[in-house]
Amino acid sequence: MTRSRLVVLGATVVVAAGAMAALGALYLDPARAAVGPLPPQALSLPAGTRYVMGLDVKRFVASPLYAKYAAARTSNRPQAFEELEQKTGLNPERDLDQVYIAGSQAGVPGRTGDALVVVVGRFDRAKVARAIETEKRGVTSKNVSGTVVYLFNESASGKGSGATAFLDDDTLVMGTQASVEQTVTARARGEAPLRNNAALLALLESVRPGSTFWMVGDQTLLSNMPKAIPGPGGPGTSQSIELPALKSLMVTGDLDPQVSLDITGEAADEPAAKNLADVVRGFVALASLQANQKPELKQLASAISVTTEASRVHVAARVPYEVLDSLQPRPPRSAPPRPPAPSAP
Amino acid sequence: MSAIPAVPAAAPADGRDVSRPVPFLRAARAVFDLSLEGMVWSRRSLLMILLLGLPAPLALVFRTFITRLPPRVGAFDFYGVVIAFYYVRNALPLAALFYATALIADEVEGKTITYLLTRPIQRVSVLAGKFAAYLATTLALALPAVVLTFFLLTTIRGWTGVGALVPDLFRDMGVVVLTLVTYGAFFTLMGVLLRRPVIPGLLFLFVWELLANAPGYLPRFTITAYLRSLIHHRPPDEGLAEIFAQVLPTALCLEAVGGMIVVFLAAAAWIFSNREYVLDQ
Amino acid sequence: MTATLEYVRASRWYGPVIALNDVTTTVGPGVTGLLGPNGAGKSTFLKLAAGQLAPSQGEVRVLGRPAWGSPELFHRVGVCPEPDAFWEGLTGFQFLMALLRLTGFDDAECRRRAEQALEQVALTEARDRKIGGYSKGMRQRIKMAQSLAHDPQVLLLDEPLSGMDPVNRRRIVDLVKKLGREGRTVLVSSHILHEVEAMTRRVLLIHNGRILAEGDVREIRDLMDEHPHTVALRARDPRALARAVVGSTHVLSLTFGAEGEWVTVQTARPDEFYSSVVDAAVEAGVSEMYSPDENLESVFKYLVAR
Amino acid sequence: MPIYEQTYRRYEARAPLRTVRFWPITREALRLILARRAFLGLLLVAWGQFLFRVIQIYVVTRLPEAGRVLPIDGRMFGQFLAIQTLFTLLLSIFGGAGLIANDLRTGAILVYLSRPLTRRDYVLGKLGVLMALNLSVTLVPGLLLYLIALALAPDQFAKWSLAWIGPAVVLQSVVTSLVMSLIALAVSSLSRSARVAGLGFFGLVFGLEIVRGVLRALYDRPESALLSVQADLQSLGNALFGIKDRAFQLPWAYPALVLLAVSLGCLAILRARVRAVEIVR
């Protein structure tokens, strides 16, 4: 066994062990049972869901952005958190794991949309239930296939403006009454209506679990997005650039150690994708050309890369926090405090 | 003068079939064993061992000093930089140039080619055996480093979420193999074609392959554009070089890369089989 | 005599230089010396037989098959190349094992043949030393070993004795003679004439890419009657001997050696001279007699001078 | 008329040994290199940038506002020499890779060292070859460019405030050529094959540059620039020509120190490796 052969054998062993460990990690990973980043209980969301957003609270709280936000606001921690903790014993920073928002029509003008919020964490169910019941007024409860659903300001016709319910010990769902009830019934029957929405599942599968926040959706997510954006001349000028309709959008992002964003948009076809990519490239090039006035713009521009793959446009941005700080408009320097007026003789 | 009785031309006692060359695989295996000896464990490989193995210690530095030296890039992004920028764009093609151009040139330069060409084996099995030794050597140096780098970087926050990144690891290992085979085939052809392949090789890698960032159809005339499109890491490059980066469809890339490997190796085998090696006295 | 190597109007040129010029010959079993000065075309002649070069014109066949492009021939052909080049990192034993594996033997057979070949060239005790550390003689012998380890029927040896000390030289000469006696076809190329003379009497003289002559040295010499034969004799009374032979018509000239014991006679018809000189030799007390230009060197000189 | 004895006469070396003993080595090697057509092609490409700069000076003197896009001042020479450094890399491989490696392989070093030459003369001779090659693409075009600038734009350049450009070009060219030559020679002495030496040299210089690229993407600390020889040379050039660059913020003393250490290291390698006989263990 010559030394060269020993090296090759050793390498094969290392690679094989690595592959075994990787396969092990792949199949034993808890997130495995679900669809992409979604936990199993979220599969009881209605089949008509057209967009889903998710926030990993644990990662968000641990991120430098939150630390910066918490440091800035230490003096007046949000009152809402204080009240919430006294009433329900729930400290969002400590107890919440994930928050998902899903719906079918996102803010269609004139209709409030049927958004649903699913909160996963550790709850003291009794305390939360009592807190909801002792809400001042308009809280009633009804039993939907064995699960208590709380309705807020239930009208005469039995329609509440909002509803909430515990899907299980660590999952709370809130939203319009219809969608909450639909979800609760599906959950009780053990169905997973979301699995029938193949398009959304495909998008969810491509989301990298473990990212701090993510968002997937088809046209409805974009329906309230502006159709045209102001031309390079600035908002006042006449010409504006038509945005090609996107069939679907997927955004994933991380906040540690820098703000990193990966946006993938599926355009109607390849030319549309190239057109959209060129628009984004135009903006990035524009930003870097104005670098001499604002050097941080150049850094921002070089942190963005745009690539097209068939009908998909992929924009990747890696923005360090110092760049973000330098981009924020500096608070107007408050006038130096005027010397106290000389006291009257 | 009495005629000396000739040794009968019948098959020798050990039953070898002397009417045909040694079977291809057996000959290639013997050439592989002979070539591997001086390839991995030799002073000339020292630099390539460092170049191909370096990312693993770099990842270790990244991981251990992550608190004292806050990095600008996330762990998984750094892994992407290692695969896309360090390996596929630079280190692997350089290793291919280093080893593949020498497959035959070494033997000719050292005048030991005669021993190989006076054996009952087809010349194409000589090339196959040497190419396999090149692959074994470079993969033995690169793949463990890729695996170690991946685990060192993705398990910084524990093993949760690593499972989801595993498909990336296997895809990257596949692209590392494809990169070494493709560039290996190309530089084997160059090594057989040219007497001095080093400077043309370097000019190809670091001047011609810049076309990969050009707009339009130009990237399709390079090798790196296809290989880069096969990996899904998009590390933001300095400046606007990446601005025109386009990702070629995976199917096209696999076809192009496969075609290149077959064409380059077939051409190299044909040239090597028909060339006379007149070793100057 | 069945022909092992056949050259049919074979020519080979490198650009304007003609290395081998329209050669037709055959080489059969036994040891054949391929002789000629440097640049005469010996290496080209040998490389054509070893399938390293393709003939520019004509045909070269080994054991009935074209030499170029028939790798299967090397089951039965062994080549000992001229360059002193090795994989320096391998030991002698590993070198033989690697090349025997390339010849298609399995490991046990390789080991047996490698040890046997090392024994034949007396390198058994240096088997596990790196070739990089071998002396010049040992390197030449390990090169011989690799050419005969697979028991070939044809052996092509390119300058096998170059740079060897007398002891190793003697050992290789005996080995080649033994191989020739076993009926193998051994073609030994060399530009040192007395080396070849020690191994065989059958030669192939080559010069400027052409074959000057082929066959037994003495036959060639006898065919060259335009050059008188020289016979040197040592006698007790050289003057008496001279008086006895000077009368014969075939004696062309007579020279007396400086010490007064030697007489050198130039004769046109050596056979007649040998028969007529017997009685005179007894009376003059001849103690020694030999023919200085019967050897290869002079034959070659005469042929080249043509 | 007496007949003189023509037999052997003993040679008494009366003439003193020449002082510059290494020059024949340099001259012969250069003659061999200049005879190769490929070298002239490489030289032509290396002088391409010189032509571009001359045109740039001419255009800016005719259309002053073009100067805003392509300013012609002291910094232009710094950028010129920075780009030429890449050509010293190629020329060192082309001319230098085999300088000592071939002598070690063929044993020609025995022939050199059996002449009245010390090992220092041998190294100086070989170094002379590389210095000539490298200076021919840095110092010669650099000074020529400065003279042309003086001629074409006297009002801009013929000023005492810009008189430092000449000496700065000389210093930067000599330092660049010396460092690249020493490294190429040291690597050439570490191998017995010119191809391995050439690629080893490129792998070393370019490998360090890739590692710096990775570390910069990772930590963006100026110290990472010390790691790469090219970056050190560029830092020195920036300091000499007053070029501000975000990537090279360290004071010039550090890169200068690194280059000095690298040069001494190369000399140590040469002292150890340039030897008549190599002991095979």
Side-chain angles (χ1 to χ4, degrees), chain B residues 42-48 50-52 54-55 57-59 61-62 65-66 69-75 77-78 80-82 84-87 89-91 94-99 101-102 105-106 109-111 187 191 194-203 205-207 235-238, chain D residues 33 36-39 41-43 45-46 48 86-87 89-98 101-102 104-106 187 189-221 223-224 227 245-247 273 278:
Chain B
S42 67
R43 189 175 48 199
R44 70 168 55 184
S45 288
L46 205 58
L47 183 78
M48 281 303 139
L50 289 179
L51 192 68
L52 292 178
L54 194 64
L58 273 183
V61 163
F62 177 93
F65 297 108
I66 195 160
L69 264 176
R72 240 168 39 117
V73 178
D77 272 338
F78 175 41
V81 166
V82 163
F85 172 74
Y86 186 86
Y87 272 125
R89 178 68 187 89
N90 287 300
L94 206 55
L97 176 61
F98 185 80
Y99 284 113
T101 47
D106 254 5
E109 207 173 86
K111 295 200 171 87
F187 287 125
L194 307 172
R195 264 179 59 79
R196 294 179 194 284
V198 170
I199 297 276
L202 291 175
L203 290 178
L205 279 186
F206 298 105
V207 176
D237 208 334
E238 279 307 304
Chain D
I33 290 174
R36 280 160 56 183
R37 273 196 319 276
F39 171 72
L42 202 55
L43 209 60
V45 171
L86 298 179
F87 290 111
L89 197 60
L90 280 181
L91 280 176
S92 299
I93 292 172
F94 188 90
N102 289 336
L104 288 177
R105 190 181 70 253
T106 57
V187 172
S189 73
L190 283 172
S191 161
R192 294 162 67 88
S193 145
R195 197 177 22 71
V196 168
L199 274 168
F201 168 66
F202 183 86
L204 183 68
V205 173
F206 191 75
L208 292 175
E209 186 62 27
I210 305 174
V211 172
R212 176 185 154 252
V214 169
L215 288 180
R216 220 160 72 80
L218 206 57
Y219 295 114
D220 194 15
R221 298 181 63 86
E223 290 82 3
S224 62
L227 205 57
D245 189 334
R246 210 174 69 78
R273 288 292 300 167
E278 188 183 1

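Since the structure is predicted, the reported quantities are computational estimates derived from the model, not experimental observations. In the text below, chain A, chain B and the rest are named by the order of the sequence lines, each starting its count at 1.
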Interatomic distance, D/Phe202 atom CZ to B/Ile199 atom CD1 [nearest 0.5 angstrom]: 9.0 Å

Student check: side-chain heavy atoms of D/Val214 and B/Leu54 closer than 4.5 Å: no

Gap separating the CG atom of D/Leu215 from the CZ atom of B/Phe78, nearest 0.5 angstrom: 7.5 Å

Chi angles and distances behind the side-chain contact (heavy atoms from CB on, under 4.5 Å) call for B/Leu202, D/Leu89: CA-CA 11 Å; B/Leu202 291 175; D/Leu89 197 60; over 6 Å; no

Non-hydrogen side-chain atoms of D/Leu90 and B/Leu203 separated by less than 4.5 Å: yes

Interchain contact, B/Leu58 with chain D, by part (heavy-atom threshold 4.5 Å): side chain

Within 6.0 Å of CZ in B/Arg196, more than 12 heavy atoms from elsewhere: no

Contact leader toward chain B among D/Gly207, D/Ser193, D/Gly198, D/Ser191, where contacts are heavy-atom pairs under 4.5 Å: D/Ser193

B/Phe98 vs D/Val196 side-chain heavy atoms within contact, under 4.5 Å: yes

Contacting moiety of B/Phe206, where chain D heavy atoms sit under 4.5 Å: side chain

Contacting region of B/Arg89 [heavy-atom separation from chain D under 4.5 Å]: neither

Nearest-0.5 Å distance, CG of residue D/Leu199 to OH of residue B/Tyr99: 11.0 Å

Structural part of D/Leu190 lying under 4.5 Å from a heavy atom of chain B: backbone

Atom group of D/Ala194 that falls short of 4.5 Å from chain B, counting heavy atoms: backbone

